[in-house]
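This report refers to the structure that appears directly beneath it.
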Protein chains: 2
Amino acid sequence: MIEIHLFEQLAAFADCGTLSAAAEQLHISQPALSRSMQRLEEELGVSLFERQKSRLTLNETGELAVRYARNLLLQEESMIQQLRDFDRKRRTICVGSCAPVLIPDFATLLSRLYEGMTISTELTGDPRLPEYLREGRYQIAILHEKPEGEDFYSVPMESEHLYVTLPPVHPLADADGLYLKDLDGQTFLLYSQIGFWDELCRRKMPSARFLLQQDIDVLGELVANSAFPAFTTDYIIQHTGEVTDRIAIPILDPEASVTYHCTCLQAEKARFRQVFEHIRAAHSR
Amino acid sequence: MIEIHLFEQLAAFADCGTLSAAAEQLHISQPALSRSMQRLEEELGVSLFERQKSRLTLNETGELAVRYARNLLLQEESMIQQLRDFDRKRRTICVGSCAPVLIPDFATLLSRLYEGMTISTELTGDPRLPEYLREGRYQIAILHEKPEGEDFYSVPMESEHLYVTLPPVHPLADADGLYLKDLDGQTFLLYSQIGFWDELCRRKMPSARFLLQQDIDVLGELVANSAFPAFTTDYIIQHTGEVTDRIAIPILDPEASVTYHCTCLQAEKARFRQVFEHIRAAHSR
DNA sequence: TCGGATTACGTGCACCGTAATGATC
DNA sequence: GATCATTACGGTGCACGTAATCCGA
């Protein structure tokens, strides 16, 4: 076996053209590099250079050796990178959630249960979330329905129901309930980070306009000081209180009422046993 | 960069199961190996083992690392091997010849012209010799005809003519010349190392039997003391003298008269310039 | 009690850098 | 004289081995 730093030095020499330049680049002395190259030749049992007293050049074998060396160095580099990536993956639990509201508590739960692990959460409205679970991009997914497929394991968690909030003067403000299609064509204030609700709204109200807001505080301000209808959920109302001067009317579409499901691959069911137990316990309360 | 011997030691540990066994296999002490593995983990920035006080086992990352390590080691090994092969190839001139008689002088010529090079000669009756030249298996070929193809360069060298030697009592012994087909069906003494002549004899005399002899002296003995027809050439007669008690009759088939051609790839013409000059000089004498 | 892993500690040598030499432009 | 490679030489860090310790079967 020949140590890889010799190949690294060979590649450096090929890059620089002279020993002195390469030595400088490698932060070693010129004699050290000279000896290294001699040692490399010796260990290979092959001559790599033409020596013209005051000039060192690669011979044909040397050129080939450089190509091989570069290849080997790349190999090792990528191998190390992959190992580090694998290790990082192994110590992080990636959660993909279609629901924004559940994320903080869920992340807290995971950090407590899996000390030392990094918890990474992502909010996404992407309906391919179960697919991503299979691909290993996420280990846990919070879905708005029980996923299809024998390879998934899931338990129900919180339910959430969609409401539209209207100013009292709004023509529909005295309704007991509304279908989304009744609201189509209007202009809404909408928070951009609402996961799967976004997709539902756009599907059911193709003619509606949405004034997307990145900042939750700005959104609150606008809701309080404009007549645009906006959306909220029972979960939000319960946790942050009702918005004054607004009437919250339940949405009657069946899709507007969801039960979130905490999901993982069957193969990882055991690994996340504690999580599911916690959810079940909390849910039965 | 991580030195490759660390990966080697990791692989050894995976093979042996314990540090002590691996240390023994590697001819180093157990503490040295223990520290090496710690260093490997440190340099990778990744933990590879489960440490149970008195038992060291690979964790999931470790298993992966072992697979990668084995791969890298194989890579390096094969790279070194290929370099050595390439170097050897570079310092040897491989000659493929269809003619046995020319080989010794030709080999001598090459050694003199290319000092320090290894000269490897092979006798073969294989008609694909030009193909092999293209593939780089040989650098020079001695063929019994000028090869077809723009990519070849060749100069004519010695000519050789085939004779059959018969005992005086043989019914055909008084012929001035014979075609091979006239001799078909008989039993011949034949030297096994005669290159392309072999193929010619078998093709032209499909019903003949050949008593193949590996040993040239044994063959001489048998020729001198039996009535079996045998083959010789003007070149052989000229260099080793006539066989007593035998009549040499020329073979009249046009293929029985050949001019050998020293051939190389056009691309290597310059490299072997001296050889061709020598041949031309000798030939014009 | 033995086998295995880690820690502690002293040592040697492999490799480095500086200096000197040789060679070429 | 400047640049570049090699050889000579002295110093040192680092990885090694021995010994000791700890732990578990």
Side-chain angles (χ1 to χ4, degrees), chain A residues 1-63 65-66 69 72-73 76 80, chain B residues 1-63 65-66 69 72-73 76 80:
Chain A
M1 280 304 115
I2 295 175
E3 288 308 334
I4 212 153
H5 75 270
L6 290 180
F7 292 117
E8 201 172 10
Q9 295 176 359
L10 176 67
F13 171 76
D15 287 337
C16 299
T18 71
L19 282 186
S20 26
E24 191 174 359
Q25 182 184 300
L26 292 164
H27 304 110
I28 58 173
S29 70
Q30 192 192 55
L33 184 56
S34 175
R35 282 186 302 255
S36 279
M37 294 301 93
Q38 290 166 20
R39 199 162 57 247
L40 180 59
E41 285 180 300
E42 189 187 344
E43 295 190 26
L44 281 170
V46 151
S47 97
L48 302 172
F49 305 98
E50 300 293 346
R51 290 189 163 76
Q52 297 146 4
K53 277 301 172 198
S54 182
R55 179 123 219 106
L56 196 71
T57 52
L58 291 162
N59 66 21
E60 214 179 332
T61 315
E63 299 277 7
V66 167
L72 192 71
L73 290 167
E76 203 205 28
I80 292 174
Chain B
M1 281 302 117
I2 294 175
E3 289 307 333
I4 212 154
H5 75 269
L6 290 181
F7 291 117
E8 201 173 11
Q9 294 176 359
L10 176 67
F13 171 76
D15 287 336
C16 300
T18 71
L19 282 187
S20 28
E24 190 174 1
Q25 181 185 302
L26 293 164
H27 303 113
I28 59 173
S29 70
Q30 193 193 54
L33 183 57
S34 175
R35 282 186 302 254
S36 280
M37 294 300 93
Q38 289 166 20
R39 200 163 54 247
L40 179 59
E41 285 180 299
E42 189 187 345
E43 294 191 24
L44 280 172
V46 151
S47 97
L48 302 172
F49 305 98
E50 299 294 344
R51 290 190 163 75
Q52 296 146 5
K53 274 302 171 194
S54 182
R55 181 120 217 108
L56 198 71
T57 51
L58 291 162
N59 66 21
E60 215 180 332
T61 314
E63 299 277 7
V66 167
L72 192 70
L73 290 168
E76 203 205 27
I80 293 174

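Every value quoted in this text rests on a predicted model; they were computed, and no experiment measured them. Naming convention: chains lettered A, B, ... in sequence-line order (proteins, then strands); numbering from 1 in each chain.
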Counting just side-chain N and O atoms, does A:Q38 come under 4.0 Å of either OP1 or OP2 of D:dT7? yes
More than 12 heavy atoms of other groups within 6.0 Å of A:E24 CD: no
Nucleotide of C:dT24, C:dG17, D:dA5 approaching A:S54 most closely (side-chain heavy atoms): C:dT24
For B:S34 and C:dT6, is the shortest distance between a side-chain N/O and OP1 or OP2 below 4.0 Å? yes
Answer yes or no: is there a donor N or O on one side and an acceptor on the other, between the side chain of A:E41 and the main chain of A:L48, under 3.5 Å? yes
Whole Å only: how far is the CD atom of A:E42 from the P atom of C:dC15? 11 Å
Check every atom of C:dA5, D:dG24, D:dT7 against the side chain of A:P31 and return the nucleotide holding the closest atom. D:dT7
For B:E3 and D:dC16, what is the distance between atoms CD and C1' respectively, to the nearest whole Å? 17 Å
B:R51 vs C:dT6: side-chain N/O to OP1/OP2 distance below 4.0 Å: yes
If I take atom CD in residue A:Q52 and atom P in nucleotide D:dT3, what distance separates them, rounded to the nearest angstrom? 20 Å
Ranking D:dC4, D:dA15, D:dG17 by distance to the side chain of B:R39, first place goes to D:dA15
Is any side-chain heavy atom of A:L10 less than 4.5 Å from a side-chain heavy atom of A:F49? yes
Side chain of B:K53 - closest among D:dC23, C:dA23, D:dA5: D:dC23
Please confirm whether any donor atom in the side chain of B:R35 sits under 3.5 Å from an acceptor in the base of D:dG17, or the reverse. yes
With respect to the side chain of A:S20, which nucleotide from C:dT18, D:dC4, C:dC16 is positioned closest? D:dC4
I'd like to check B:L72 versus A:L72 (side-chain heavy atoms, cut-off strictly below 4.5 Å). Are they in contact? yes
Calculate the interatomic distance between B:Q30 atom CD and C:dA5 atom C1'; express it in whole Å. 6 Å
Hey, what do you get for OG (A:S36) to CD (A:E8), rounding to the nearest 0.5 Å? 11.0 Å
Check the phosphate of C:dG17 against A:S29, side-chain N and O only, distance under 4.0 Å to OP1 or OP2. Yes or no? yes
Of the candidate nucleotides C:dT24, D:dT6, D:dC16, which contains the atom at the shortest distance from the side chain of B:A32? D:dC16
